[in-house]
Amino acid sequence: MLKVMLVDDEPWVLEGLRTMVDWKKYGFEVCGGAQNGPDAFRMIQELRPDLVLTDINIPVMNGLELITRVNEIMDKAPRFVILSGYDDFNYARTALRERVDQYLLKPIDDEEIGALLDKLGRMIRYEIASEKERWKEQACLTSHLLGRFIQGEDSEELRQLSRDVLQLDEDAELVCILIAAATPVVHAERQRDGGFPWDISYAFQDGAGRAGLVVQSAALSSDALEGAVSLLQRELAEELQEPVIVMVSDRLTGMAAIRESYLQTLEVWKLKYQRERSGIFHYSDLKKCRPEKRIHEEGFTALVNKVKAGEAAKLQVYVKEAFAGFGGKLFTVEEVQAEVAHLEMTLYRHLKEMNGDPDIVMGNLQAEFGNLGGLGDYFLLSSYVHRLCTESTVYLAELKQANQGNTIFNVIQYVDLEFRGKLQLQDLARQFHMNSTYLGQLFRKETGCSFSEYVNEKRIEAAKGLLKRTQLKISDIALQVGFSNTDYFIEKFKGMVGVPPSVYKYSGNNKQF
């Protein structure tokens, strides 16, 4: 329905116009009425009617003065129809110089006003449709230009287009706003009617389909900016009937800052999306609460233990707990990806130790999820981790069942756990009810080395870790990893690593060691 407003100093005339004319028949509805010029001026700006019927002789500010002031102050003024008595006929004709479409003599004739409303209704609807089409084209061009900046493009041609099309100055102060919702909508009409002045905000859609705005913020105070963002978030949530998250960048300067401000909102989006139901989040707050260093020691330790124990029913709970921990420490997506990669390697090694083929599990996951680097938010990463752990748990159960009758496998597992103690092949043979010579042959066939070589390799690997992470004496390290004789430990260490333990300890990150 188109909106019409009535202005006359006689209350009975206002009521007559409101009730005697069949406004709905012509696609109009009365949105308000005023009895003097100042009230009418204020209400026209607030109600934004499409059509105003006004008498000429109204108090304080006459009808023509009202029309002139409205046309001066409003970018899109309504159409006007003058109501006048016979004595004002000549005077009313001058109103045609202003944006007045017709004048009607009192008393109003039903057929005359009906024909006028029918004509004006068609004209106004055509103007609205044309205006929407122009704004749609402008919005597409704006989104295209901003998208090029967001993707990292920056050329003089692009800057000149932005100056011409967006009226964007080289040194303009800008804020980027990114919106996360299941079905986000930011279009030209919303720009004009929302909390931001339409001539300083530009809608865009990024490559992932996320909607956003770039706002020229120099004229907006902190309170005004926050109020406009709050209004946008609230209106979208009401319109879409779903939670809406809004991310806000810092204030940055220049066209080149469009990409930087977008990346700031994207970083906040990666941390908040799927972990917060709704709200407004600022990059400046993220910087304040992000600690200088974060310790990743816990990671997925509890989750790995549940996988090894075969507790498939509890995996989802531990996945949620792990990601809640990452979120609490404000891990970026890239940092969580690193944690997931470490989890992959941990499970990969364990499957390998169980005589399994880890590539079976990893291949299935890659076919479904793609590369780990392509999982760009917490939700996708948590789904991937849950599937990784579930498939690993199922596969481990199969491997355990297959390995139950494999004696040499059980022997190797025992050695892997007990290599720090006093291990003798003869003792193991008695424990597993085997001939010691036969056990030694099986051990070499399975591992590619003798029993003593295998034990010494495990001990040296453990010693390398203690040398790098602790300040223990070499003699103490030798005892901890299973060597009762320090000189024998040093000899074996040098033979396998190439340098004595004392040299290895202070070798830094030399990869050859």
Side-chain angles (χ1 to χ4, degrees), residues 296-323 325-326 335-375 378 380-420 423 428 432 439 442-451 453-462 464-465 481:
H296 299 223
E297 290 177 354
E298 295 179 4
F300 293 109
T301 302
L303 187 58
V304 170
N305 291 336
K306 293 300 174 185
V307 172
K308 290 182 177 180
E311 299 182 27
K314 297 182 179 180
L315 291 178
Q316 184 67 57
V317 173
Y318 281 88
V319 170
K320 288 183 178 179
E321 287 183 358
F323 275 85
F326 295 144
E335 288 168 331
V336 177
Q337 286 173 341
E339 293 286 349
V340 176
H342 180 69
L343 172 66
E344 283 181 337
M345 291 305 300
T346 301
L347 295 178
Y348 190 97
R349 285 195 299 268
H350 189 60
L351 292 172
K352 198 75 172 176
E353 290 169 357
M354 294 291 289
N355 284 345
D357 182 2
D359 291 332
I360 295 174
V361 173
M362 300 304 171
N364 291 340
L365 289 168
Q366 188 169 25
E368 181 176 353
F369 289 91
N371 294 325
L372 180 59
L375 305 181
Y378 270 51
L380 291 174
L381 286 167
S382 63
S383 299
Y384 176 80
V385 168
H386 183 250
R387 181 63 62 82
L388 169 65
C389 292
T390 300
E391 294 208 6
S392 297
T393 302
V394 172
Y395 191 31
L396 280 172
E398 296 174 358
L399 293 173
K400 287 178 181 177
Q401 186 175 4
N403 288 327
Q404 281 179 353
N406 189 339
T407 303
I408 187 61
F409 173 78
N410 293 329
V411 172
I412 293 173
Q413 267 205 325
Y414 181 83
V415 173
D416 288 345
L417 293 172
E418 304 295 336
F419 66 86
R420 296 174 182 82
L423 289 181
L428 285 177
F432 286 92
L439 177 58
L442 286 178
F443 209 95
R444 180 179 290 276
K445 181 179 179 181
E446 187 68 26
T447 65
C449 60
S450 69
F451 172 78
E453 289 171 340
Y454 185 85
V455 172
N456 283 335
E457 284 181 1
K458 299 291 291 186
R459 290 172 173 172
I460 296 301
E461 282 300 313
K464 287 165 68 175
V481 300

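These figures come from a predicted structure and were not determined experimentally.
A heavy-atom distance below 4.5 Å is not found between the side chains of Tyr318 and Glu311. Side-chain atoms of Thr346 and His342, non-hydrogen and from C-beta on, do get closer than 4.5 Å to each other. Contact annotation: the side chain of Val340 approaches that of Phe300 to within less than 4.5 Å [non-hydrogen atoms, C-beta and beyond]. Put simply, the side chain of Leu375 reaches to within 4.5 Å of the side chain of Leu372, judged on heavy atoms. Looking at heavy atoms from C-beta onward, Phe323 lies in side-chain contact with Val385 at the 4.5 angstrom threshold.
When all heavy atoms are compared, the tightest approach of Thr447 to Cys449 is OG1-O, 3.0 Å. Between Thr393 and Gly310, the shortest heavy-atom distance links the atoms CG2-CA, 3.7 Å. Summarising the geometry of Arg420 relative to Ala462, their closest heavy-atom pair is NH2-CB, 4.3 Å, with the distance given to 0.1 Å.
Look at Lys464 and Glu461 and you find a salt bridge, because one of the NZ, NE, NH1 or NH2 atoms lies within 4.0 Å of a carboxylate O, short of that distance.
In this structure, a donor-acceptor pair under 3.5 Å is absent between the side chains of Tyr384 and Gln337.
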Using the rule given for side chain to side chain contact (heavy atoms under 4.5 Å, CB included), can you reason through Val455 versus Lys458, listing the C-alpha separation, both sets of side-chain angles and the distance that settles it, and then say yes or no? CA-CA 5 Å; Val455 172; Lys458 299 291 291 186; 5.8 Å; no
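Legend: residues meeting side chain to side chain contact (heavy atoms under 4.5 Å, CB included) with Gln366, ordered by chain and number and at least two apart, are Asn371.
Taking the six-membered ring for Trp and the full ring otherwise, Tyr454 and Phe451 have centroids separated by 6.0 Å or more.
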